[in-house]
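Below is one structure, written out as structure tokens, with a few remarks after it.
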Amino acid sequence: MGVAMYTGNGGNLPTRPQATVVKVMRGTDLVALDHLVATGIPHTLIDYGDGSE
């Protein structure tokens, strides 16, 4: 069994101040990713950026 994570960067902060929370969560996801890689746990990370792609 592996771990699947989905994250984004929250978009444009000046026009969407609530996106700050999303940026903090994304940072946490990236730290978790580093731990998964270091321990060899199978994983998938989908980073959809600001969602415009």
Side-chain angles (χ1 to χ4, degrees):
M1 181 185 301
V3 175
M5 300 187 321
Y6 300 82
T7 192
N9 66 16
N12 188 358
L13 285 178
T15 60
R16 295 184 58 225
Q18 71 275 21
T20 301
V21 174
V22 175
K23 288 197 180 286
V24 170
M25 292 170 47
R26 180 175 186 271
T28 302
D29 289 342
L30 296 178
V31 169
L33 175 65
D34 289 343
H35 289 289
L36 292 171
V37 170
T39 56
I41 297 173
H43 62 278
T44 301
L45 172 69
I46 306 296
D47 186 346
Y48 51 88
D50 66 4
S52 65
E53 298 174 10

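All values derive from a computational prediction rather than experimental measurement.
Note on Leu30: it clusters hydrophobically with Val3, by side-chain heavy-atom contacts below 4.5 Å among ILVMFWY residues. Both Met5 and Ile41 are part of a single hydrophobic cluster, where members link through side-chain heavy atoms under 4.5 Å apart.
Checked options Asp29, Val31, Val37; the residue passing with Leu33 is Val37 (criterion: side-chain contact (heavy atoms from CB on, under 4.5 Å)).
Heavy atoms only, all atoms of each residue included: Tyr6 and Tyr48 are closest at C-CE2, 4.3 Å.
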